[in-house]
Amino acid sequence: LPSQNTSAKMEKDKEGVYARAEVMPSFPGSRNSLEKFVEDNLQYPQQALDNGIEGRVVVSFEVDETGKIYRPMIVSDKVGYGLEEEAIRVVTAMPKWNPGKMKGKNVKTKFTLPISYQIY
């Protein structure tokens with residue numbers, strides 16, 4: 001599930017990106033749309049399957065004023081076996097989000113998304 005740093009102040013960094021906004025950016029659709037998108041688009045890397053690797057990868061990215069996702073990066077410990085690369089690929093493939101807002105204006109906002117890999 002998406003998480004946000006609730007201790008972060010609502011102020012922008014030197015690049016004009018808010019760690020937390022009054023209205024956080026959101027994936028278009030319902031609350032479950034984001035999970036469904038990840039589920040439908042995530043391809044378990046073959047080398048991870050072959051080695052029975054499960055794990056959690058946390059991707060941090062920024063959503064600009066138009067809802068475009070940019071600068072995705074892994075902020076969790078490396079699991080390897082292609083899991084990080086696949087998480088970045090899925091985040092990069094996402095449609096535009098609803099941007100974060102401050103005082104009614106769209107702002108650049110940082111967002112953190114954990115992606116769990118489980119072999120069923």
Exercise. So which heavy atom on Ala87 is nearest to which on Val57, and how close?
Worked result: CB-CG1, 3.8 Å
Seminar exercise, completed: Thr109 and Gly100 have their tightest heavy-atom pair at OG1-CA, 3.6 Å
Give, for atom [atom1] of [X] and atom [atom2] of [Y], the distance between the pair rounded to the nearest 0.5 Å.
X     : Y      : atom1 : atom2 : answer
Glu15 : Lys110 : CD    : NZ    : 7.5 Å
Leu83 : Leu42  : CG    : CG    : 8.5 Å
Tyr44 : Ile119 : OH    : CD1   : 4.0 Å

Problem set entry | Pairwise side-chain contact, Lys108 with Lys12, heavy-atom cut-off 4.5 Å (strictly under) | no
Shared hydrophobic cluster, [X] / [Y] (ILVMFWY, side-chain heavy atoms < 4.5 Å):
X      : Y     : answer
Val23  : Phe27 : no
Tyr117 : Val79 : yes
Val17  : Ile74 : no
Val91  : Val75 : no
Phe61  : Val58 : no

For this session: Kindly write out the residues that satisfy ring pair (Phe, Tyr, Trp, His ring centres under 6.0 Å) with Tyr18, not counting sequence neighbours, or none if the list is empty.
Result: none
Problem set entry | Set of ring pair (Phe, Tyr, Trp, His ring centres under 6.0 Å) partners for Tyr81, sequence neighbours left out | none
Problem set entry | Mutual orientation of the aromatic rings belonging to Phe111 and Trp97 [parallel < 30°, tilted 30-60°, perpendicular > 60°] | perpendicular
Using a strict cut-off of less than 4.0 Å between a Lys/Arg side-chain nitrogen and an Asp/Glu carboxylate oxygen, indicate whether [X] and [Y] qualify as a salt bridge.
X     : Y     : answer
Glu62 : Arg71 : yes
Glu86 : Arg89 : yes
Asp64 : Lys68 : no

Exercise. What's the verdict on side-chain contact (heavy atoms from CB on, under 4.5 Å) for Val63 and Met24, showing C-alpha distance, side-chain angles and the deciding distance?
Worked result: CA-CA 10 Å; Val63 179; Met24 286 301 286; over 6 Å; no
For this session: Kindly indicate, with the supporting measurements, whether the criterion side-chain contact (heavy atoms from CB on, under 4.5 Å) is fulfilled by Asn41 and Met94.
Result: CA-CA 9 Å; Asn41 291 279; Met94 285 181 180; over 6 Å; no
Exercise. Which is it for Val90 and Val59 under the side-chain contact (heavy atoms from CB on, under 4.5 Å) test, yes or no, and what are the steps along the way?
Worked result: CA-CA 10 Å; Val90 167; Val59 185; over 6 Å; no
Exercise. Could you go step by step and tell me if Thr66 and Asn106 meet the side-chain contact (heavy atoms from CB on, under 4.5 Å) rule?
Worked result: CA-CA 8 Å; Thr66 67; Asn106 291 358; over 6 Å; no
Exercise. Of the options Lys101, Lys105, Met102, which is the one that meets Glu22 in a side-chain contact (heavy atoms from CB on, under 4.5 Å)?
Worked result: Met102
For this session: Using the side chain to side chain donor-acceptor pair (under 3.5 Å) rule, collect all pairs that involve residues 49-61, keeping only residues at least two apart or in two chains.
Result: Gln46-Asp50
